[in-house]
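Below, all heavy atoms of this structure are taken into account, side chains as well, without hydrogens, waters or symmetry copies. Each chain gets a letter, A, B and so on, in the order the sequences are listed, and its residues count up from 1.
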There are 2 protein chains.
Amino acid sequence: MTDPSPSTRDRLLQAGLSLFQEQGFHGTSVAEILTRAKAPKGSLYHHFPDGKSDLARVACRMTSDLMLNIIARAYDPAVDFAEGTARMAEKFARLFERDAHWRACPVQTLLIDGPLDRADGAAMLQTWIDATTVQAERLGQQESDRAARTVWSVLIGSWTLARAQDDPAPLREMTTLLNMPAPTPKEPPR
Amino acid sequence: MTDPSPSTRDRLLQAGLSLFQEQGFHGTSVAEILTRAKAPKGSLYHHFPDGKSDLARVACRMTSDLMLNIIARAYDPAVDFAEGTARMAEKFARLFERDAHWRACPVQTLLIDGPLDRADGAAMLQTWIDATTVQAERLGQQESDRAARTVWSVLIGSWTLARAQDDPAPLREMTTLLNMPAPTPKEPPR
DNA sequence: GCATCTCTGGACCGTTCGGTCAAGTCGTGA
DNA sequence: TCACGACTTGACCGAACGGTCCAGAGATGC
């Protein structure tokens, strides 16, 4: 559990995750995963008895946890919802820049081509929206639910554009795009 | 060309298009396409010599033409950019409701899992953004380019959310979301 | 030393895949 | 009536697929 070098299981997960995001679930073969992970076939079916879809399910859960983590780290130190959202957009932009593998938005991978059925993928996305709603409420955002859905709508769209253009700019533009109908407007009304 | 009943070629295109949008390119087998189109294998390879990817490329072009058509029909009669955008959102919401097949946003199908490489998919998307930019300019929208990109960003995100929730509401909410920094505000100044 | 258990390694399997092909049908013009 | 081109039909193919299986390596406890 506390391995110094990444275990075979971890390498498989990492390889699968990146390939699914690059090529989609059905577009990725087991052989490709094994090659990238430098692992033999038997190991995959030892750690993930149900094979490719099993591995993909675990990878989805990891992604979801990462998302929830990002949400928390973005909004926790913020003083209002707009600031937290800006932080989150920046985090995603960095993520996009850092990892060549981090290409497709996980939401899309899940929903279009994933091993989960549509309902499961949708439920996972809803988890993220809910976490964002809670933060919006905490920070005194009006219509917290709608605000959270808006953030994710724009985030997903911006990510797609970023991927298409191979440039994180759309993610950074999110902040100016969302001149939110916020209770704490940027230009003080008084 | 002016067939009364849909030709085999048309049936193949229609079947392929809907399946690709439902399941992605790699998630759809040739056999499925043939079953839905009620066509034998040879016909497919007669009309589309390069097979599945050939059919998918033609289907992509069809989709792109449809998009450009929708953009034109939405913005042409509009008096300002915001009105045209609202029209377009409504058109997409209707499209989403009408066809059970129209599930995945074509952009995503193209970019994630398509037969086109990323650059080609991106170029197609850029075509739509450009067409929207032209309309924005025509309608006196400030920062027409950024406005057009914003519209598509939000449109793609809303579509994804709509698909996840199996409900066109997010597409309809676009209008309120985009309280655009518009030169022609929504409440008529006169 | 030995039994045991976890994990690795890769040969092997049946199925399904995308694609080919030759035979056949049909409509049309000479 | 016949020849011809456009299109249909489904049997067939090799390759690649996801998955199974078991022999063995390596660590651990006794």
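- B:Thr8 has no side-chain polar atom (N or O) that falls below the 4.0 Å cut-off from OP1 or OP2 of D:dC7.
- Atom CG in B:Leu55 sits about 11 Å away from atom P in C:dG19, given to the nearest Å.
- In this model, the phosphate group of D:dT8 is approached by a side-chain N or O of B:His47 to a distance below 4.0 Å at OP1 or OP2.
- What separates CG of B:Leu44 from P of D:dG10 is a distance of 14 Å, to the nearest Å.
- Results of the side chain to side chain contact (heavy atoms under 4.5 Å, CB included) test with B:Ile33 over B:Thr28, B:Leu13, B:Leu17 single out B:Thr28 as the only residue that passes.
- Rounded to whole Å, atom C1' of D:dT20 lies 15 Å from atom CG of A:Asp54.
- Within the structure, a side-chain polar atom (N or O) of B:Tyr45 is placed less than 4.0 Å from OP1 or OP2 of C:dG19.
- Residue A:Phe48 contributes atom CZ, which lies 16 Å from atom C1' of D:dG18 at whole-angstrom precision.
- Counting only distance, with no hydrogens or angles, the side chain of A:Ser144 and the backbone of A:Gln141 share no donor-acceptor pair below 3.5 Å.
- Side-chain polar atoms of A:Thr132 and A:Tyr75 form no donor-acceptor pair below 3.5 angstrom.
- With the nearest nucleotide of DNA chain D identified for both A:Gly42 and A:Val30, A:Val30 has the one nearer the 5' end.
- When rounded to the nearest whole Å, the span between NZ of A:Lys38 and P of C:dG10 equals 14 Å.
- The distance between atom NE2 of A:His46 and atom P of D:dG26, rounded to the nearest whole Å, is 17 Å.
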* To do: Show the numbers, then the answer: is there a salt bridge (charged side-chain N to carboxylate O under 4.0 Å, His left out) between B:Arg36 and B:Glu32?
  => CA-CA 6 Å; B:Arg36 183 170 291 190; B:Glu32 279 178 295; over 6 Å; no

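- When rounded to the nearest whole Å, the span between CG of B:Leu34 and C1' of C:dG19 equals 11 Å.
- Nucleic acid contact class of B:Asp50 (heavy atoms, under 4.0 Å, all strands): sugar-phosphate only.
- At whole-Å resolution of the value, CD in B:Glu32 and P in C:dT16 are 13 Å apart.
- Checked against C:dG18, C:dT8, D:dT8, the side chain of B:Ser29 finds its nearest nucleotide in C:dG18.
- With hydrogens and angles ignored, no donor-acceptor pair under 3.5 angstrom links the side chain of A:Lys52 to the base of D:dG19.
- Listed nucleotides D:dT9, C:dG19, D:dG19 differ in distance to B:Lys41; the shortest reach to its side chain belongs to C:dG19.
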* **CA sep, side-chain torsions, deciding dist, call: A:Met174, A:Trp159, side chain to side chain contact (heavy atoms under 4.5 Å, CB included)** => CA-CA 10 Å; A:Met174 264 190 68; A:Trp159 190 299; over 6 Å; no

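- Among the heavy atoms of the strands, none lies under 4.0 Å from A:Ser53.
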